[in-house]
Amino acid sequence: MTTDTTILDGLDFDAAPYAVSDEVADLLFREARTIGAFTDQPVTDEELAAVYDLLKWGPTAMNITPLRLLVVRTPEARERLAKHVNDGNRDRVLAAPVTLIVAADPRFHDHLPVLAPHRAEMAGWFEGQAETREDMARMNTLIQLGYLIVALRAAGLDAGPMAGLDLAAVDAEFLAEKGWRSQLIVNVGHRDGVGTHHARARRLDYGQVSLTV
Ligand SMILES: Cc1cc2nc3c(=O)[nH]c(=O)nc-3n(C[C@H](O)[C@H](O)[C@H](O)COP(=O)(O)O)c2cc1C
């Protein structure tokens, strides 16, 4: 495990015009890391509900909010999940206090009268548009995944998202009855020390990722 956070040294964050304090910007983004090693401190259902109560306000198309969570907590459930996770990821799933299976609900339109009362009549149209629903559910769930990671950090928790697993097998193992489609998993807990053996890698600059016309 390394303590190398020197990549942050010498960068002039204070000059940036953010509406949140430096402490908040550090907590949510600049100092937050992808965590692989957690302490034994449990993650409660109340903490996870509080995280959801924050992330749910992030915008999605037509307010469909298709993200669903399967909380994998017991040793038995953890073993069932670990079978379908890539070798390099398996130990971290078995060791994390909680792993969230982040899934998309293609039947998001069942909730449209509540979520989009101004477009409630669209629920009937969506019923015949299975492919469109799958696409919308997936895209908006992945948008909500970003909110989830930030909301976990806001709640003082650490996250280790992982896409290296057999999603179809996870669906068959856990989600067949619900019809949800897993997108990835997120280990959740409290970091053990630095919580990662990877040094912080640089990010691309704005000039490298943007064009203006
Ligand atoms: C969608 C997604 C999928 C990822 N899948 C894996 C994975 O399967 N295995 C793994 O070890 N790390 C995985 N990661 C972790 C990334 O490698 C990590 O978030 C990235 O390198 C940034 O690390 P940092 O937050 O510590 O700077 C994934 C991250 C995301 C957001």
Side-chain angles (χ1 to χ4, degrees), residues 1-11 13 16 22-39 51-52 54-55 58 60 66-72 78-104 134-135 137-171 173-175 180-206 208-209:
M1 196 147 305
T2 178
T3 55
D4 179 8
T5 55
T6 54
I7 195 77
L8 297 173
D9 294 344
L11 300 182
F13 290 132
D22 262 7
E23 289 72 20
V24 172
D26 286 344
L27 176 75
L28 301 183
F29 291 102
R30 294 186 304 222
E31 297 283 356
R33 296 295 312 275
T34 298
I35 297 304
F38 299 95
T39 68
V51 167
Y52 183 76
L54 207 50
L55 86 86
T60 53
L67 173 143
R68 304 291 183 262
L69 296 172
L70 184 68
V71 180
V72 179
R78 190 166 294 290
E79 290 286 350
R80 284 171 61 201
L81 175 59
K83 281 189 306 196
H84 307 302
V85 171
N86 293 1
D87 291 346
N89 291 336
R90 188 167 298 122
D91 288 350
R92 277 172 283 159
V93 167
L94 291 170
V98 159
T99 301
L100 304 177
I101 298 176
V102 176
E134 294 272 352
D135 288 348
R138 178 177 159 74
M139 182 177 85
N140 286 279
T141 294
L142 294 176
I143 290 171
Q144 287 192 286
L145 166 70
Y147 306 144
L148 169 66
I149 293 170
V150 176
L152 285 164
R153 293 169 174 178
L157 293 163
D158 291 295
M162 300 197 308
L165 70 159
D166 183 342
L167 296 175
V170 168
D171 290 354
E173 180 86 39
F174 292 100
L175 302 177
W180 301 347
R181 305 266 194 274
S182 61
Q183 305 297 318
L184 87 175
I185 56 177
V186 183
N187 293 325
V188 177
H190 298 87
R191 71 175 67 187
D192 188 5
V194 178
T196 174
H197 58 270
H198 296 295
R200 181 68 139 176
R202 286 199 168 269
R203 306 302 203 243
L204 300 180
D205 297 327
Y206 181 67
Q208 294 175 281
V209 303

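Order of appearance sets the numbers: ligands from 1, and atoms from 1 within every ligand.
Interatomic distance, CZ of R30 versus CG of D22, reported as 4.5 Å (0.5 Å rounding). Note that CG of L167 is 11.5 Å distant from CZ of R181, once rounded to the nearest 0.5 Å.
The side-chain contact (heavy atoms from CB on, under 4.5 Å) test with L100 singles out one residue from I185, L70, V71, N187, and that residue is V71.
Residues V102 and L69 form a side-chain contact, since some pair of their non-hydrogen atoms from C-beta on lies under 4.5 Å apart. No side-chain heavy atom of F38 sits less than 4.5 Å from a side-chain heavy atom of V188.
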Measure from every N or O atom of ligand 1 to the protein's N or O atoms and keep only the pairs below 3.5 Å, writing each with atom names and distance to 0.1 Å.
residue  : atom   : partner : partner atom : Å
ligand 1 : 5 (N)  : A163    : N            : 2.9
ligand 1 : 8 (O)  : N89     : ND2          : 3.0
ligand 1 : 8 (O)  : A163    : N            : 3.2
ligand 1 : 8 (O)  : G164    : N            : 2.9
ligand 1 : 9 (N)  : N89     : OD1          : 2.9
ligand 1 : 11 (O) : R92     : NH1          : 3.0
ligand 1 : 11 (O) : R92     : NH2          : 3.2
ligand 1 : 14 (N) : P161    : O            : 3.2
ligand 1 : 19 (O) : T34     : OG1          : 2.6
ligand 1 : 23 (O) : T34     : OG1          : 3.3
ligand 1 : 25 (O) : T34     : N            : 3.1
ligand 1 : 25 (O) : T34     : OG1          : 2.7
ligand 1 : 25 (O) : R200    : NH1          : 3.4
ligand 1 : 26 (O) : R33     : NE           : 2.7
ligand 1 : 26 (O) : R33     : NH2          : 3.1
ligand 1 : 26 (O) : T34     : N            : 3.0
ligand 1 : 27 (O) : R200    : NH1          : 2.6
ligand 1 : 27 (O) : R203    : NH1          : 3.2
ligand 1 : 27 (O) : R203    : NH2          : 3.0

Only distances under 3.5 Å count here; give the side-chain donor-acceptor pairs of residues 137-146 to other protein atoms, sequence neighbours excluded, each with its distance to 0.1 Å.
residue : atom : partner : partner atom : Å
R138    : NH1  : Q183    : OE1          : 2.6
N140    : OD1  : A61     : N            : 2.9
N140    : ND2  : M136    : O            : 2.8
T141    : OG1  : A137    : O            : 2.7
Q144    : OE1  : L67     : N            : 2.8

